[in-house]
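Take a look at the structure set out below.
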Amino acid sequence: MSIVRRSKAGDDAVLAAIESENAAIFAYGVVAAFSNPARVKEVAVHTATHRARRDSLTAMATEAGLTPPLAAAAYAIPFPVTDAITAAQLAAQIEVDTAISYRAFIEQVDTDELRTFGVDALTDASIRGAGWRSALGTTPVTTAFPGVPGA
C-alpha cells in the first residue's frame, strides 16, 4: 500500500495513527503484566495486531518520504493498573483510543486504499474493545458509532 495522492492532513493522519499504535503497543505491555493468565494469548494477539498496523503505516510513511515518529520511552496510562480487572479496563480503553484515532484517520486521508486501511483498523479496534467490555460485564459492549469521542 502506498500513499498515492498526498495532502498535509493525510500525511498528518498517517503519522498520528503511527503514534496511536505506538501508544497501544506500550499500554498492552502494561495489560500483559497484570492480565489474567487465561488471557495471555489474547493479549499477545492484540499486541501483535497493533504492531503489524504500526509497521504497515511506518512503511507507507517512509515510502511517501515522511519521517515516522519513533515510539516514546513511555506513555501516560489513564489510571492505575494493579490487577486483572484494571488491566482489562485498560485494554478496553486502548481500543477506544485506537478507534478514535482511526475515525480521524478515515476523515483525513485522501485515497480509497488508505480509507479502507482505516475502516479495517477501526472495525478491528471496535471488535477487540467489545470483547474486553463483554469480559468486564460492561454494557453496552458496542456503540453505534465507534470512534466518536465520548460515545
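In this chain, numbering begins with 1 at the start of the sequence shown.
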Here the gap from Phe79 atom CZ to Leu90 atom CG, rounded to the nearest 0.5 Å, amounts to 5.0 Å
Looking only at heavy atoms, the pair that brings Thr98 and Ala24 closest together is OG1-CB, 4.0 Å
**Asked** Yes or no on salt bridge (Lys or Arg N to Asp or Glu O under 4.0 Å) for Arg51 and Asp55, after CA distance, side-chain angles and deciding distance?
**Response** CA-CA 6 Å; Arg51 193 170 284 122; Asp55 293 348; over 6 Å; no
Interatomic distance, CZ@Arg39 vs CD@Glu42, rounded to 0.5 Å, equals 4.5 Å
- prompt: What about Val96 and Ile25, same hydrophobic cluster or not, with Ile/Leu/Val/Met/Phe/Trp/Tyr joined at side-chain heavy-atom distances under 4.5 Å?
  reply: no
Value for CG (Asn22) from NE2 (His50), rounded to nearest 0.5 Å, stands at 11.5 Å
Tightest non-hydrogen contact, residues Ala91 and Trp132, listed as CB-CE2, 3.3 Å
| Counting N and O atoms only, with roles assigned by atom type, does the side chain of Thr47 sit under 3.5 Å from a partner on the main chain of Val43, one being a donor and the other an acceptor? | yes
*asked:* Is a donor from one side chain sitting under 3.5 angstrom from an acceptor on the other, for Tyr102 and Glu21?
replied: yes
ask   = Step by step, would you call Arg103 with Phe145 a side-chain contact (heavy atoms from CB on, under 4.5 Å)?
value = CA-CA 10 Å; Arg103 183 171 187 275; Phe145 300 103; 5.7 Å; no
*Report, as yes or no, whether the 6.0 Å neighbourhood of atom CD1 on Ile85 holds more than 12 heavy atoms from other residues, nucleotides or ligands.*
no
Original post:
Taking Asp110 for the side chain and Ser7 for the main chain, is one N or O donor matched with an acceptor at less than 3.5 Å?
Top reply: yes
Q) Salt bridge or not for Lys8 and Asp11, using N-O below 4.0 Å? A) no
In terms of heavy-atom contacts, Ala125 and Ala99 come closest through CB-N, 4.0 Å
OH of Tyr75 to CD of Glu19, rounded to nearest 0.5 Å, is 3.5 Å
Leu136 and Ala92 have their tightest heavy-atom pair at CD1-CB, 4.5 Å
Checklist entry - Does Ser56 reach the main-chain N or O of Ala52 with its side chain, forming a donor-acceptor pair under 3.5 Å? => result yes
Do Leu122 and Pro146 have side chains that get closer than 4.5 Å, going by heavy atoms? yes
### Query
Do Val81 and Phe34 come within less than 4.5 Å of each other through their side chains, counting heavy atoms only?
yes
* Asked: Is there a side-chain contact between Pro68 and Val14, using heavy atoms and a 4.5 Å cut-off?
  -> no
Taken to the nearest 0.5 Å, the spacing of Arg115 CZ from Asp120 CG works out to 13.5 Å
State whether the side chain of Thr62 and the backbone N or O of Ala59 hold a donor-acceptor pair below 3.5 Å, judged by distance alone. no
- prompt: In terms of the angle between their ring planes, are Phe105 and Phe117 parallel, tilted or perpendicular, with boundaries placed at 30° and 60°?
  reply: tilted
- Check whether any side-chain N or O of Thr111 sits under 3.5 Å from a backbone N or O of Leu114 as a donor-acceptor pair, and report yes or no. yes
Heavy atoms of Val31 and Ala87 approach each other most closely as CG2-O, 3.5 Å
In this structure, CD of Glu95 is separated from CZ of Arg133 (nearest 0.5 Å) by 9.0 Å
Of all heavy-atom pairs linking Ala13 and Val109, the shortest is CB-CG1, 4.1 Å
query = Any side-chain heavy atom of Ile106 sitting closer than 4.5 Å to one from Val119?
reply = yes
Result for side chain to side chain contact (heavy atoms under 4.5 Å, CB included) between Leu66 and one of Asp12, Leu57, Leu15, Thr58 points to Leu15
